[in-house]
Amino acid sequence: MLFILFIFGIVLVVWGIYRMRRDDGLFGKNRKNKNIFNLLLMGEASGLGQFLSGILCIIIGVIAFIVR
């Protein structure tokens, strides 16, 4: 079960990195500024949720492995 959690976390991190590099925003000159503007204006940034969820899954998997 922990192995599935690690794999799911890694998939989410890779998906988040891919979306942060590929998706386009509304305003801004470069992709970083577009993502920051989208995060401040609309409360979302492309790929940020997937990236942070993946890191959280990996951390929970490590904690569950230690506690076990």
Side-chain angles (χ1 to χ4, degrees):
M1 186 69 182
L2 293 176
F3 182 71
I4 294 172
L5 193 61
F6 282 118
I7 296 298
F8 188 64
I10 291 171
V11 168
L12 282 176
V13 167
V14 170
W15 183 25
I17 290 172
Y18 175 77
R19 289 210 46 205
M20 283 192 278
R21 291 185 178 203
R22 296 291 179 199
D23 285 355
D24 208 11
L26 292 176
F27 301 104
K29 291 183 179 179
N30 57 20
R31 197 167 316 273
K32 180 180 176 183
N33 288 341
K34 290 178 181 180
N35 278 336
I36 291 172
F37 185 78
N38 284 347
L39 179 65
L40 294 176
L41 184 66
M42 296 184 287
E44 64 181 22
S46 61
L48 189 62
Q50 290 91 357
F51 182 72
L52 294 177
S53 298
I55 290 175
L56 186 64
C57 278
I58 293 172
I59 290 173
I60 289 173
V62 169
I63 290 172
F65 183 74
I66 291 172
V67 170
R68 191 176 179 196

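One is the number of the first residue; the rest follow in order along the sequence.
Hydrophobic clustering, defined by side-chain heavy atoms of Ile, Leu, Val, Met, Phe, Trp and Tyr closer than 4.5 Å, leaves Ile4 isolated from every other such residue. In the hydrophobic clustering, Leu12 connects to Phe8, Trp15, either directly or through intervening members, whenever side-chain heavy atoms lie under 4.5 Å apart.
By the rule that hydrophobic residues join a cluster once side-chain heavy atoms approach within less than 4.5 Å of another member, Val67 and Phe3 end up as members of separate clusters. Note: the hydrophobic cluster containing Phe51 does not contain Leu5 (ILVMFWY, side chain heavy atoms under 4.5 Å, direct or indirect links).
Looking at residues two or more places apart in sequence or on another chain, you find a side-chain contact (heavy atoms from CB on, under 4.5 Å) between Ile66 and Val62. The side-chain contact (heavy atoms from CB on, under 4.5 Å) search around Leu52 returns Leu48, not counting sequence neighbours. Leu56 pairs by the side-chain contact (heavy atoms from CB on, under 4.5 Å) definition with Ile60, not counting sequence neighbours.
Counting heavy atoms from C-beta outward, Val14 and Tyr18 have side chains that stay 4.5 Å or more apart.
Of all the heavy atoms in Cys57 and Gly9, the pair that sits closest is CB-CA, 3.7 Å. Nearest heavy atoms, Ile55 versus Val13: N-CG2, 3.7 Å. The minimum heavy-atom distance between Ala64 and Leu2, with the atom names listed, is CB-CD2, 3.6 Å.
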